[in-house]
2 protein chains.
Amino acid sequence: METTVGMSSVLEQDIREKFRRSGYTLTSQRRAVLEALKEARGHPSAEDVYLTVKRKNPRVALGTVYQALSVLEEIGVVDSKHWSESPTRYDLNVEPHLDIRCARCGAVSEIPGVELGELEENIRYNTPYEVKRTTIVVEGLCPSCREA
Amino acid sequence: METTVGMSSVLEQDIREKFRRSGYTLTSQRRAVLEALKEARGHPSAEDVYLTVKRKNPRVALGTVYQALSVLEEIGVVDSKHWSESPTRYDLNVEPHLDIRCARCGAVSEIPGVELGELEENIRYNTPYEVKRTTIVVEGLCPSCREA
DNA sequence: CTTCGGAATAGGAATGGTTACTGATTGGAG
DNA sequence: CTCCAATCAGTAACCATTCCTATTCCGAAG
Ligand SMILES: [Mn+2]
Ligand SMILES: [Mn+2]
Ligand SMILES: [Zn+2]
Ligand SMILES: [Zn+2]
């Protein structure tokens, strides 16, 4: 099977397009950050991404990873979420969805199948603020931590 | 009108009871933190609370305020919420409700009238995690900032 | 009213995630 | 190839929060 050929997947095309429209340049470091996000199983922190990127390119600076992540977030390629007692977690899934973090081991995973439909519009209807984003953050104990 | 007499309001009784059950002691510093939270208009940060408490008792330490807030949160008297680009905000309203923060001036206010009813149970139904808490955090521009 | 032991506090140092700064590097337009 | 703006690496600074320790406070027991 050859569903992807290097940098030519559908996802990549979309990302290229978002970079083009934004005026930012798709540098090798930013590509490396994207690759690290793809490889990561869960929802990595900036530090996690940094360590992954460093394996292939030991010269990257942590600050570059932060800057890349913030550019990627600005152009809508990645999303970030904040839990208390954890550094910011990054996510290639930019659709509205739920993520839950284990309070004990820190693992983050997604909660599929929850209907959020009217929430955002209800919010817009009930506040005079111009709503930019709504983030739902769930905390709990993962299956292996709840038995311990 | 005399709806409250010093420390004897209904709210105070409830708080006393929560302290009694928890085993923590209701010290003067913790009372002062509660007073500061009541006085505060919006959703103050720990630093805001600290500055308010300091006006009456200049000897309090910032660390004490943090510790008091964490005790108060643990026993269910206050709630806290996290937005990116802002220190943690504290709230005497511990019922599930929505708060929105202005991305420009930082003001936090509540969004009444949004029905959250089945969200929490939908979440519990769709994840193997043991859900501890769900926090919804809304970001936007307040009426005065949106025109600027 | 004293004494005693554990809890809480003041003050300040340390931590950790994130951002800011600066001089060097890069890569694309011309 | 040359030039310029964007980006980068490396490092220092920042800021919210936590940690540490000697001192103080408080409440139960006598
Ligand atoms: Mn996710
Ligand atoms: Mn609130
Ligand atoms: Zn876990
Ligand atoms: Zn505003």
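So that the names make sense, note that chain A is the first sequence line, chain B the second, and so on, each numbered from 1. The structure displayed is predicted, hence computed values, not measured ones.
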Quiz item: To the nearest angstrom, how far is B/H82 atom NE2 from D/dA16 atom C1'?
Solution: 9 Å
Self-check item: Whether over 12 other heavy atoms sit under 6.0 Å from B/E118 CD
Solution: no
Quiz item: Taking atom P of C/dA8 as reference, at what distance in whole Å does atom CG of B/L69 sit?
Solution: 15 Å
Exercise. Write down the distance between OH (B/Y50) and C1' (C/dA10), rounded to a whole number of angstrom.
Key: 10 Å
Quiz item: Which letter, B, S or -, goes with each nucleotide of nucleotides 21-26 of chain C from 5' to 3', with contact meaning a protein heavy atom under 4.0 Å?
Solution: ------
Quiz prompt | Separation of C/dG17 C1' from A/D48 CG (nearest whole Å) | solution = 13 Å
Quiz item: Which other residues belong to the hydrophobic cluster containing B/Y129, where Ile, Leu, Val, Met, Phe, Trp and Tyr are joined when side-chain heavy atoms lie under 4.5 Å apart, directly or via other members?
Solution: A/L98, A/I100, A/I111, A/V114, A/L116, A/L119, A/I123, A/Y129, A/V131, A/I136, A/V138, B/L98, B/I100, B/I111, B/V114, B/L116, B/L119, B/I123, B/V131, B/I136, B/V138
Quiz prompt | Length of the line joining B/I75:CD1 and C/dA8:C1', which is rounded to integer Å | solution = 14 Å
Quiz item: Hey, is the main chain of B/H82 close enough, under 3.5 Å, to the side chain of B/S86 for a donor-acceptor pair?
Solution: no
Self-check item: For atom CH2 of B/W83 and atom C1' of C/dT18, their distance in whole Å
Solution: 20 Å
Exercise. Would you tell me whether B/H97 and B/D91 have side-chain atoms, one donor and one acceptor, within less than 3.5 Å of each other?
Key: yes
Exercise. Can you tell me the distance, in whole Å, between the CZ atom of B/R31 and the P atom of D/dC25?
Key: 15 Å
Quiz item: What is the nucleic acid contact for A/T88, judged by heavy atoms within less than 4.0 Å: base, sugar-phosphate only, or nothing?
Solution: sugar-phosphate
Quiz item: Is the distance from OP1 or OP2 of C/dT18 to the nearest side-chain N or O of A/Y66 less than 4.0 Å?
Solution: yes
Quiz prompt | B/R104 atom CZ, over 12 foreign heavy atoms within 6.0 Å | solution = no
Exercise. Say whether B/E73 and B/S80, considering side chains only, have a donor N or O and an acceptor N or O under 3.5 Å apart.
Key: yes
Quiz item: Within the distance-only criterion (no hydrogens, no angle test), does the side chain of A/R101 pair as donor or acceptor with the backbone N or O of A/R89 below 3.5 angstrom?
Solution: no
Practice problem: Using a 4.0 Å heavy-atom cut-off, write out nucleotides 3-10 of chain D from 5' to 3' as B (base contacted by protein), S (sugar-phosphate only) or - (no contact). | Solution: ----SSBB
Exercise. Starting at atom CD of A/E85, determine the distance to atom P of D/dT18, rounded to an integer number of angstrom.
Key: 7 Å
Quiz item: Which residue lies toward the 5' end of DNA chain C, A/L26 or A/P87, if each is placed at its nearest nucleotide?
Solution: A/P87
Practice problem: Using distance alone, with no hydrogens and no angle criterion, decide if B/E115 and A/N122 have a side-chain donor and acceptor under 3.5 Å apart. | Solution: no
Quiz item: Should the heavy atoms of other residues, nucleotides or ligands under 6.0 Å from CD of B/E39 be counted, would the total exceed 12?
Solution: yes
